[in-house]
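Here is the structure we will look at, set down as structure tokens.
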Amino acid sequence: MENVLKKITNYKWELPKTYKKGMKVPAYFYINRELMDILERDAVEQAANVATMPGIQYASLVMPDVHVGYGFPIGGVAGFDAEEGVVSPGGVGFDINCGVRVLRSNLTVDEVRPKIKELIDELFVAVPSGVGSEGRLRVTDDELDEIFVKGAEWAVRNGFGTKEDLKHCEENGCLEGGRGDVVSKKAKNRGKPQLGTLGSGNHFLEVQYVEKIYNEEAAKVMGLEEGMVTVMIHCGSRGLGHQVCTDSLEVLNRAVRKYHISLPDKQLACAPIKSREGEDYFAGMAASANYAWANRQIITHWTRETFEKIFGSDLGMDLIYDVAHNIAKFEEHYVNGEKMKLCIHRKGATRAFGRNSKELPEDYTKIGQPVLIPGSMGTASYILLGTEKAMKETFGSTCHGSGRVMSRAMAKRKLRGSRVKDELARKGIYVRATHGAILAEEAPQAYKLSDVVVDVVHNAGISLLVARLRPIGVAKG
DNA sequence: ATGTTC
């Protein structure tokens with residue numbers, strides 16, 4: 001790809017807007033040479049396609065964990081003028097508000113390791129997982145409608161966690177504008193029994209420890225020390241968000257014709273933000289995002305209960321932060337020196353706001369927003385900080401994880417789940433999964449090294465390393 | 001990611 005991408009720095013490359021007819025802005029790729037070698041041609045085309053969309057501002061942005069997605073690349077960020085621009089389900093993804101949160105604890109890895117099997121087995125029961133899995137609670141239609149509007153706050157109000165948790169969620173765990181009236185009966189029926197479940201695929205609940213601290217000051221503010229046990233929860237809006245996305249694609253395919261929007265790829269289906277179709281998609285997307293925040297909040301509560309059952313009380317399991325990886329939202333950013341209201345789409349990308357952003361809770365105002373980057377199963381996860389450079393260059397955004405290099409089908413052909421489990425055990429990681437195939441699909445070999453991805457965003461300056469977290473136990477669907 | 005080819 002080096003013949004089409006122009007080097008700006010060792011970590012930033014430009015695809016000029018002359019690359020493809022109709023591009024309104026260039027695309028910027030945050031990658032290094034190593035990632036350039038595995039960059040998919042189709043992902044480059046997708047980033048160029050996004051640059052042609054109505055109302056796009058500044059650039060189509062690509063993070064180092066990029067791979068081909070539905071319409072937009074996964075690892076893509078795009079900002080559209082809030083008045084003249086569009087909103088697109090392909091720019092959010094099927095798993096609306098797939099996201100990550102991390103809890104700290106007062107426990108050390110030496111205290112937890114001897115009990116890791118018992119702990120993970122208990123967590124595996126306390127937090128249901130797997131495709132189509134159903135949860136331990138049943139909500140009514142009215143409650144579901146409230147969750148669509150209130151997000152994590154509904155969960156806290158109903159006994160799952162604390163008000164302090166809400167302050168440590170992006171958007172306080174609630175995206176404004178969620179509405180149940182635009183969510184189909186089918187989506188609601190899928191979502192109702194799945195609240196409080198982990199799901200499948202790359203979703204997980206992981207017990208980790210802080211292996212290395214890169215930034216003492218920030219780590220202190222987050223309450224992190226080397227050797228301390230942390231818990232990472234990675235999941236999304238389950239069948240509900242998936243159904244909302246599917247339903248909306250039908251509507252927006254029609255809207256593309258109705259509003260005479262010219263697109264290089266049907267998968268970029270979108271509607272003007274100010275149209276009925278666009279507003280309804282946003283409301284359903286926000287409702288799904290809020291369901292996902294309630295979901296992670298409920299799982300957090302059961303995680304704390306399980307830890308207390310095994311290790312007793314006063315474990316200090318505070319929520320460090322919760323970030324969305326798949327979401328669209330209205331934000332203000334500077335474009336060519338002018339403040340603009342934009343609809344920022346982050347698909348497989350993380351908000352990474354710098355210090356003094358008004359969106360941050362008081363304790364993080366001085367250091368910047370915690371950015372949580374899950375590893376693939378068995379590999380390190382990272383905590384970073386958002387930066388002022390990200391505010392200037394990437395609409396305050398960074399990478400979201402390690403990104404696939406092997407398809408699920410390929411991984412199942414090449415790898416055996418039992419063998420993956422044994423390999424992880426040798427590395428001191430106990431894994432509990434619903435079935436062997438998931439271990440093959442999610443094996444470390446199927447993913448880019450998160451270390452490389454994180455190295456790129458750190459060196460590019462769009463987020464900065466704070467801590468590396470090493471897994472000791474994983475529960476997977 | 002996903003009642004994993006509704």
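As a basis for the values below, the full set of heavy atoms in this structure was taken, side chains included, without hydrogen atoms, waters or symmetry mates. To find a chain, count down the sequence lines: A is the first, B the second, and so on, and within it residues start at 1.
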* To do: Using a heavy-atom cut-off of under 4.0 Å over every strand shown, decide if A/G236 touches base, sugar-phosphate, or nothing.
  => nothing
* Could you tell me whether A/G199 contacts a base, only the sugar-phosphate backbone, or nothing, with contacts defined as non-hydrogen atoms closer than 4.0 Å? => sugar-phosphate
* Distance, rounded to the nearest Å, where A/Y70 contributes OH and B/dT4 contributes P -> 18 Å
* Asked: Separation of A/H242 atom NE2 from B/dT5 atom C1', in whole Å?
  -> 12 Å
* Using whole Å, report how far CG of A/L249 lies from P of B/dC6. => 17 Å
* Toward the 5' end of DNA chain B, by each residue's nearest nucleotide, A/E442 or A/K412 -> A/E442
* Asked: Are side-chain N/O atoms of A/E393 and A/Y28 paired as donor and acceptor at under 3.5 Å?
  -> no
* Does A/R408 place a side-chain N or O at less than 4.0 Å from the phosphate oxygens OP1/OP2 of B/dT4? -> no
* Length of the line joining A/D95:CG and B/dT4:P, which is rounded to integer Å -> 15 Å
* Between B/dT2 (C1') and A/N295 (CG): distance, integer Å -> 14 Å
* Side-chain ion pair, A/R296 and A/D322, N-O less than 4.0 Å -> yes
* To do: Could you tell me whether A/K347 contacts a base, only the sugar-phosphate backbone, or nothing, with contacts defined as non-hydrogen atoms closer than 4.0 Å?
  => nothing
* Asked: With a non-hydrogen cut-off below 4.0 angstrom, is A/S200 in contact with a base, only sugar-phosphate, or nothing?
  -> sugar-phosphate
* **Sidechain N-carboxylate O distance under 4.0 Å for A/R432, A/E122** => no
* Rounded to the nearest Å, what distance is computed from the CG atom of residue A/N189 to the P atom of nucleotide B/dC6? -> 19 Å
* Asked: Between A/R404 (CZ) and B/dT4 (P), how many Å, whole number?
  -> 17 Å
* Asked: On the ring face of A/F353, is A/R351 found with NZ or CZ under 6.0 Å from the centre and within 45° of the axis?
  -> yes
* **Within 6.0 angstrom of A/R276 CZ, more than 12 heavy atoms from elsewhere** => no
* Within the structure shown, what part of the strands sits under 4.0 Å from A/Q194 by heavy-atom distance: base, sugar-phosphate, or nothing? -> sugar-phosphate
* Asked: How long is the line joining CG of A/D247 and P of B/dT2, in whole Å?
  -> 16 Å
